[in-house]
Amino acid sequence: MLRILFVGDVVGKVGRRLLHERLRRIQTELDADLTVVNVENAAGGFGLTGPVWDELRRLPVDAFTSGNHIWDKKETLELLDAEPKLLRPANYPAGNPGRGVVTVRAGKVPVAVINLQGLTFMTAMESPFLAADRILAALPAEVVVRFVDFHAEATSEKQALAWHLDGRVCAVVGTHTHVQTADERILPRGTAALTDAGMTGPYEGVIGFKPDSVLERFLLATPRALEPATRGGALCGALVEVDETSGRALAIRRLRYEEGERP
Ligand SMILES: [Fe+2]
């Protein structure tokens, strides 16, 4: 049995601090064989910078996933080409740097990590459903364990992709909304599904940002710079147990570790 630890969207300084302080202990406590972390909001809530990536890449993480904010900082574009374990959603148009799939190893077991992005209320691009079909068809047959981070806004789209991929991947775990959902389940053919893993960052705010800066956008209907919040840190994610011979999920558990609580 293989245990895959997934950590949801790391937001700003608080998210990074939680990761540095807690990840190793959580991995030990949960006996994780493989760790995947979504880092699209790691630099002040928007993408990655060189120094932030330099910090993150030293962590015991097998693959980093992302989403729409990975393009926010120009310097990330080079990183996407240079760093095979840093993914961006696979269904962005050809011509963009980077990749959306990587095969990593948990001991001897190859595991494909796939990053996709939703279309509903998001930028129009290739259907994540068709992109997933294309990606799975191209994977070598021996890669039976396949994990999907689906970065999407609409709960229905996220649940629908899990059903579309039921029996073909071990898990479809959602990211992007930063609010953990309580709907973890195993679908009939063995795919674990969780609509959103929740963020790793400051919860005293609006999806990780200071309430005042977000409220101005809503009250004045004009763009305002968002500032990451600083309090109420929690690390959120999911643990998926997978039978490595069939690639089917055996269990999925939601994770939430408040700052100050052990581990
Ligand atoms: Fe996002």
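Numbers here simply count residues along the sequence, with the first being 1. Read the numbers this way: they start at 1 and go in the same order the structure lists the ligands and their atoms.
Residues Val11 and Ile207 do not share a hydrophobic cluster, clusters being chains of Ile/Leu/Val/Met/Phe/Trp/Tyr side chains in contact below 4.5 Å.
When distances to the Fe ion (ligand 1) are checked against a cut-off of 2.8 Å, His176 contributes an N, O or S atom below that limit. Among the atoms of Asn41, none of the N, O or S atoms falls under 2.8 Å from the Fe ion (ligand 1). One of the N, O or S atoms belonging to Glu40 lies under 2.8 Å away from the Fe ion (ligand 1).
Ring geometry for Tyr92 versus Trp71: interplanar angle over 60°, hence perpendicular rather than tilted (30 to 60°).
A cation-pi arrangement, defined by a distance under 6.0 Å to the six-membered ring centre and an angle within 45 degrees of its axis, is present between Arg256 and Tyr203.
Draw a line from the Fe ion (ligand 1) to NE2 of His151 and another to OD1 of Asn68, and the angle between them is 80° (to 10°).
Taking all atoms of both residues into account, the shortest heavy-atom contact from Val145 to Cys170 is CG1-SG, 4.1 Å.
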